[in-house]
Amino acid sequence: MSEVLGTRHLLGIDDLSAADMELIFRTADGFKEVLSRPIKKVPSLRDITIANLFFENSTRTRISFELAEKRLSADVVNFSSSTSSTKKGETLVDTVNNILSMKVDMVVMRHPDPGACIFLSRHVQARIVNAGDGTHEHPTQALLDAYSIREKLGRVKGVKVAIVGDILHSRVALSNVICLRKLGAEVMLCGPTTLMPRHARELGVLVSHDLNEALRWCDVANMLRIQLERQAGDGLAYFPSLREYSQLFGLDRKRLEAVGKQPVIMHPGPINRGVEITSEVADGGNSIILEQVENGVAVRMAVLFLLAGGMDRTAKG
Ligand code: CP
């Protein structure tokens with residue numbers, strides 16, 4: 001198997017074949033071992049400069065990418081739109097080209113507009129990694145989620161994963177569906193009809209509007225956050241109240257006891273505690289939420305390392 005990914009950029013999970021994902025996971029296994037050492041650093045990207053461009057808020061992804069880059073000895077520059085000249089009307093391409101003229105090799109970008117990374121990849125020479133583009137995709141989240149399932153259950157193929165919540169606004173849901181199906185998992189999407197994309201079944205998944213049914217079916221329940229900020233942007237009310245949402249789609253100990261099932265519990269964060277999941281379940285014995293965050297660093301190290309492996313280091317820019 002080739003040790004180089006079959007893609008120049010990671011814009012969406014569809015850029016990767018199942019073999020690419022397996023390569024990322026095996027590479028991440030090695031980096032996880034590095035991260036367990038007293039000195040958690042390797043010189044793999046010593047001559048590479050990476051710009052982290054965040055045009056939308058982030059805690060986990062931003063810190064995880066920055067740590068991954070620093071553990072690989074890359075030079076790192078961070079950009080936040082709230083303190084930049086985009087506030088003075090500069091376009092995305094002008095912003096990025098100005099940064100690239102300072103000899104940046106790779107760009108990790110989060111942006112509120114779906115497709116922003118795809119657009120950028122057509123206008124600049126650097127490798128682009130999508131760190132979340134609006135309601136479209138979040139490919140490294142899907143990779144770290146699948147990696148965490150593989151670590152917990154020993155495999156992804158054949159595992160039944162229920163993704164629960166605000167599917168309509170979730171880039172995590174779309175990337176997870178594509179990633180998990182490529183790896184041979186079965187996927188069920190569960191949520192209110194108002195928060196389910198009309199063509200969800202065309203993604204090759206099961207659809208349920210009954211959380212108990214989804215829990216009885218699944219080995220893994222990935223609980224998603226209600227994205228109130230995107231719902232407000234739509235100017236629409238998708239359900240009567242958070243209290244009602246929580247009663248119908250919130251995960252708590254009583255519900256798990258009632259269905260008689262103890263699935264592995266996941267959540268990409270940030271968690272709305274007491275809305276989609278109670279603290280008791282989020283912090284309980286079946287939760288791998290913090291393992292997801294931990295694995296994110298190793299998985300992102302693997303993605304950056306493998307993308308850089310396909311770069312011509314003699315002709316940067
Ligand atoms: N999971 C995730 O993308 O979290 P952040 O928005 O904090 O990066």
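One is the number of the first residue; the rest follow in order along the sequence. Treat the numbers as computed from the prediction; the structure is a model and nothing was measured. Whatever order the structure lists them in is the order used to number ligands and atoms, beginning at 1.
Taking the six-membered ring for Trp, H209 and F249 have ring centres at least 6.0 Å apart. Within the 6.0 Å centre-distance limit, the rings of F31 and F305 are counted as a close aromatic pair.
Residues R60 and E294 are not paired through a salt bridge, judged by the lack of any N-O separation under 4.0 Å between the basic side chain and the carboxylate.
Around ligand 1, the residues contributing at least one heavy atom under 4.0 Å from the ligand are S58, T59, R60, T61, R110, H138, Q141, P268, G269.
Using cut-offs of 30° and 60° on the angle between ring planes, the pair F55 and H111 is tilted.
Side-chain N/O atoms of R110 and T61 include a donor and acceptor closer than 3.5 Å.
Few gaps surround CZ on R155; more than 12 heavy atoms of other groups in view lie less than 6.0 Å from it.
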